[in-house]
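Below you'll find the structure, written out as structure tokens, and then a few comments.
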Amino acid sequence: MEVFVLEHAKQLGYPSVKKIAPIESSYIDAYRNQVDVFVSFRPIKGSVPFTRIRDVDACKRFLDCFYGDRLFYMIAEDSEFAPLILWDSAHSMNIGESVTIIGDASYYQKEYFVKSFLIMDRSEDYTTFKKISELPAEQDAGLDDWTFGIPVGPGDATALNGIVKRILELNCTHKEIILCGRPGDNFKYWSDVKVVGEDIPAPPVQICRKKNTIVEHAKYNNLCIIHDRVFLPRDFMEGMRRYGDYFGFLGLQSIYFGDSWNQKFVRYSDYCFINSTNNMFTEKAFFSGGGEYHFTHRYRSTFQKNAHFCCIANPRRYYGIRYLTGSLYICKKAVWEICPQDEKLVWEDYEDVLQGNEAYKKGIISTINPYIFSQSIFGRQTIIGFGCVNFENARRKISKSYYFFPIIHGIIKCHCNITKEVFVQNIRNFCKKYGVWELPKDLCKHEINATDRLQIIYYCILKASISVNKKAVNDFVLDIQKRLFQRTFTPEDTEYWYKRFCIYDSRRVKIELLKWELFMADLLLPGRKSVFADSIKDYFISKSFACKVFSFATALKLTFQNGNLFYHPDGVRGFYREILASTPWRSYVED
């Protein structure tokens with residue numbers, strides 16, 4: 001029998017193993033002829049030879065560590081990483097082998113495992129399981145064949161062209177690209193993709209139905225579903241092979257740069273957590289009644305304040321409900337089919353939170369591959385405007401990370417991914433529709449900055465005349481989103497403002513709307529004079545010596561705090577490699 005003693009990574013702040021009650025060597029000897037492997041986090045008192053596995057965290061895999069019949073001693077009680085260790089152990093077991101868990105054995109009794117693990121023996125202290133069939137992720141084993149899926153809309157396909165071109169370069173044995181929805185007319189790779197779901201109506205954007213449709217049509221068992229702003233790294237396949245097979249829901253750390261020299265960065269929409277002990281996460285308090293899953297406007301605000309909602313999760317930790325934020329999913333087809341997204345939900349309906357919760361309850365892990373990064377081509381004003389993100393550091397404390405400003409002022413990316421001409425035309429159409437006969441003066445400026453933009457929008461809303469009937473009020477709220485702010489409200493927020501306009505004096509509600517914290521972030525938008533892009537190509541940057549130099553400077557910053565905001569096991573070398581590997585270069589959108 002081989003004995004393994006696990007040890008947490010020191011940066012996580014776990015108590016020293018010397019402070020944990022030891023296991024008597026006689027206790028281990030009693031199992032010597034019953035199991036092949038004995039695993040625990042506890043020190044051993046006596047002369048039993050053992051192998052120590054150090055630096056255990058949520059990024060460490062255990063697929064090749066254990067063999068034969070195995071016993072886990074109190075790992076659920078001693079470590080938050082027990083589900084991850086048990087997940088890897090379960091997928092590396094052969095059919096017919098057994099696993100004994102002393103202590104809490106509830107993980108192997110979750111829905112994902114129950115058909116493959118048969119309880120052979122049970123007492124108050126231990127439970128013994130026998131593996132009788134392959135687990136779903138094992139049925140989709142292998143990392144050579146991939147389906148890449150992208151939900152798309154009919155807008156400008158410039159960014160999509162760059163994203164698809166990068167996917168076509170990836171070193172897969174077999175791959176396919178599925179677009180759900182029809183892209184804009186300037187899309188260039190029709191012969192390289194399969195288009196599905198053209199019959200799915202919008203608005204609202206039925207993002208869950210689109211993702212489920214991609215999975216339904218997928219030919220290969222490895223899935224990578226991304227939004228049409230996510231740029232994958234060129235070493236995607238190398239990073240996946242290094243991480244290993246048999247993953248549940250897997251994500252990548254995402255970085256957004258606000259300038260063309262890779263200086264001004266923030267971690268952007270990849271992996272979050274909910275504090276599962278918070279009593280807000282119940283259907284009675286958190287969701288609207290009548291069996292519906294939609295979040296209510298009232299409870300969203302309360303939940304954000306009380307449950308660290310939208311708090312970026314540390315990739316090295318694992319507790320409570322971790323979930324991928326919808327921008328990127330890597331998983332096995334069989335895993336998605338066990339836990340698909342709820343098609344009752346639409347864009348901005350917190351479908352990612354609910355899928356993460358369902359996966360957590362079923363025993364499917366949601367983790368991060370630390371070896372490769374993705375980059376977000378665009379940044380939403382709501383996130384960038386506030387200038388900081390809440391994140392969980394390596395010691396599980398919630399901290400704020402402020403947007404890193406450039407050492408040297410390079411070319412700052414614009415914050416609204418439409419041109420000034422499109423914005424002006426939207427304003428003209430809005431004013432014509434709602435009886436604003438005198439256009440705002442700031443509309444004539446050569447460059448419209450963040451403050452000018454908001455003043456124009458405020459002027460249009462306050463001057464607008466609307467009829468108090470269902471259709472007119474609904475159209476007004478939708479036009480504020482589409483024509484003025486170029487963003488989508490959640491269905492509950494749309495419904496909330498619709499009801500306010502129907503019940504109260506319209507001027508009073510307009511003033512309330514303009515004070516909404518969602519729009520206050522736009523006042524803080526940093527950067528260049530104009531907030532509008534000259535072209536979508538502006539978000540793709542040119543290769544230059546300066547960019548490489550400042551990318552290395554950013555890698556040094558990330559290494560100094562490695563394991564907090566971002567984490568890479570290879571330190572500065574890994575950070576630098578991944579920044580350059582995931583940068584959307586201008587060559588991807590130029591002919």
Side-chain angles (χ1 to χ4, degrees), residues 61 63 87-88 90-92 110-116 133-152 164 167-168 170-181 192-197 200 206-228 230 232 236-237 239-241 243-252 271 322-343 345 351-352 354-369 372 374:
R61 302 298 306 274
L63 290 173
W87 173 279
D88 283 351
H91 288 85
S92 63
K110 292 180 180 288
E111 181 180 333
Y112 180 84
F113 298 96
V114 290
K115 293 182 180 179
S116 299
S133 65
E134 287 186 333
L135 292 159
E138 290 181 273
Q139 297 166 16
D140 289 347
L143 292 173
D144 295 328
D145 306 329
W146 287 80
T147 293
F148 295 89
I150 312 173
V152 300
V164 170
I167 294 173
L168 291 172
L170 300 181
N171 183 27
C172 308
T173 304
H174 300 100
K175 64 170 170 278
E176 65 172 349
I177 302 172
I178 298 178
L179 306 183
C180 189
D192 298 303
V193 304
K194 178 165 65 176
V195 179
V196 301
I200 298 176
Q206 300 186 52
I207 193 68
C208 298
R209 185 176 170 189
K210 281 176 174 275
K211 290 177 180 176
N212 288 343
T213 300
I214 288 171
V215 177
E216 180 184 344
H217 287 84
K219 183 192 302 185
Y220 302 118
N221 293 328
N222 291 302
L223 304 175
C224 179
I225 301 174
I226 60 176
H227 284 183
D228 56 0
V230 175
L232 293 176
F236 176 84
M237 287 307 305
M240 289 306 304
R241 293 187 181 106
Y243 183 78
D245 205 352
Y246 309 128
F247 36 81
F249 284 113
L250 186 65
L252 306 179
Y271 185 53
R322 319 301 255 203
Y323 69 95
L324 305 176
T325 62
S327 299
L328 180 149
Y329 291 97
I330 299 170
C331 70
K332 300 291 185 177
K333 185 175 181 179
V335 171
W336 186 282
E337 289 172 341
I338 292 171
C339 191
Q341 293 198 337
D342 188 342
E343 293 187 9
L345 306 179
E351 75 289 342
D352 47 3
L354 292 173
Q355 186 181 35
N357 180 45
E358 287 300 307
Y360 174 80
K361 291 191 293 186
K362 292 179 179 181
I364 300 170
I365 60 175
S366 298
T367 50
I368 285 288
N369 179 346
I372 46 179
S374 66

Among K211, H227, Q355, find the residue that satisfies the side-chain hydrogen bond (donor to acceptor under 3.5 Å, both in side chains) test when tested with Y329.
Q355
Quick check: do L252 and V230 have side-chain heavy atoms less than 4.5 Å from each other?
no
Applying the side-chain hydrogen bond (donor to acceptor under 3.5 Å, both in side chains) test to H174, which of D145, T147, D144 qualifies?
D145
Pair V215-I225, side chain to side chain contact (heavy atoms under 4.5 Å, CB included): steps then yes or no
CA-CA 9 Å; V215 177; I225 301 174; 3.8 Å; yes
With a 4.5 Å cut-off on side-chain heavy atoms, are D228 and L179 touching?
no
In short, A137 meets V335 closest at the heavy-atom pair CB-CG2, 4.3 Å
Look at the rings of W146 and F236 and say which category their plane angle falls in: under 30° parallel, 30 to 60° tilted, over 60° perpendicular.
perpendicular
Taking the side chain as every heavy atom from C-beta outward, state whether L232 and C224 have any atom pair closer than 4.5 Å.
yes
Looking at every heavy atom in both R61 and D245, which two are closest together, and how far apart are they?
NH2-O, 3.0 Å
Please report the interatomic distance CG(D352) to CG(N357), rounded to the nearest 0.5 Å.
11.5 Å
Which value, rounded to the nearest 0.5 Å, describes the distance between I365 atom CD1 and L250 atom CG?
8.5 Å
Using a 3.5 Å distance criterion without hydrogens, assess whether the side chain of K332 forms a donor-acceptor pair with backbone atoms of D140.
yes
Of all the heavy-atom pairs spanning L143 and M237, show the shortest one and how long it is.
O-CE, 3.0 Å
Can you confirm whether V193 sits close enough to I150 that some side-chain heavy atom of one is under 4.5 Å from a side-chain heavy atom of the other?
no
Working to the nearest 0.5 Å, report the span between CD1 of I177 and CD1 of I214.
11.5 Å
Output the distance between atom CD (E343) and atom CG (L345), rounded to the nearest 0.5 Å.
10.0 Å
Validate the cation-pi geometry between K333 and Y220: distance from NZ or CZ to the six-membered ring centre under 6.0 Å, angle to the ring axis within 45°.
no
If you take all heavy atoms of S366 and Y271, which pair is closest and at what distance?
O-OH, 2.7 Å
Verify side chain to side chain contact (heavy atoms under 4.5 Å, CB included) between D342 and L354, making sure each step is shown before the conclusion.
CA-CA 8 Å; D342 188 342; L354 292 173; 5.8 Å; no
Where do C339 and A359 come nearest, in terms of heavy atoms and distance?
SG-N, 3.5 Å
Heavy atoms, side chains only, cut-off 4.5 Å: are I200 and T213 in contact?
yes
So, the side chain of K194 versus the backbone of A218: is there a donor-acceptor pair under 3.5 Å, distance only?
no
How many angstroms lie between CG in L63 and OG in S92, if you round to the nearest 0.5 Å?
6.0 Å
Is any side-chain heavy atom of L135 less than 4.5 Å from a side-chain heavy atom of Y112?
yes
Run M240 and N222 through side chain to side chain contact (heavy atoms under 4.5 Å, CB included) and show every step you take.
CA-CA 11 Å; M240 289 306 304; N222 291 302; over 6 Å; no
Walk me through it: do L170 and F148 pass the test side chain to side chain contact (heavy atoms under 4.5 Å, CB included)?
CA-CA 11 Å; L170 300 181; F148 295 89; 3.7 Å; yes
Only one of F247, F249, F113, W336 passes side chain to side chain contact (heavy atoms under 4.5 Å, CB included) with I364; say which it is.
F249
Note: S133 and S116 closest approach over all heavy atoms is OG-OG, 3.2 Å
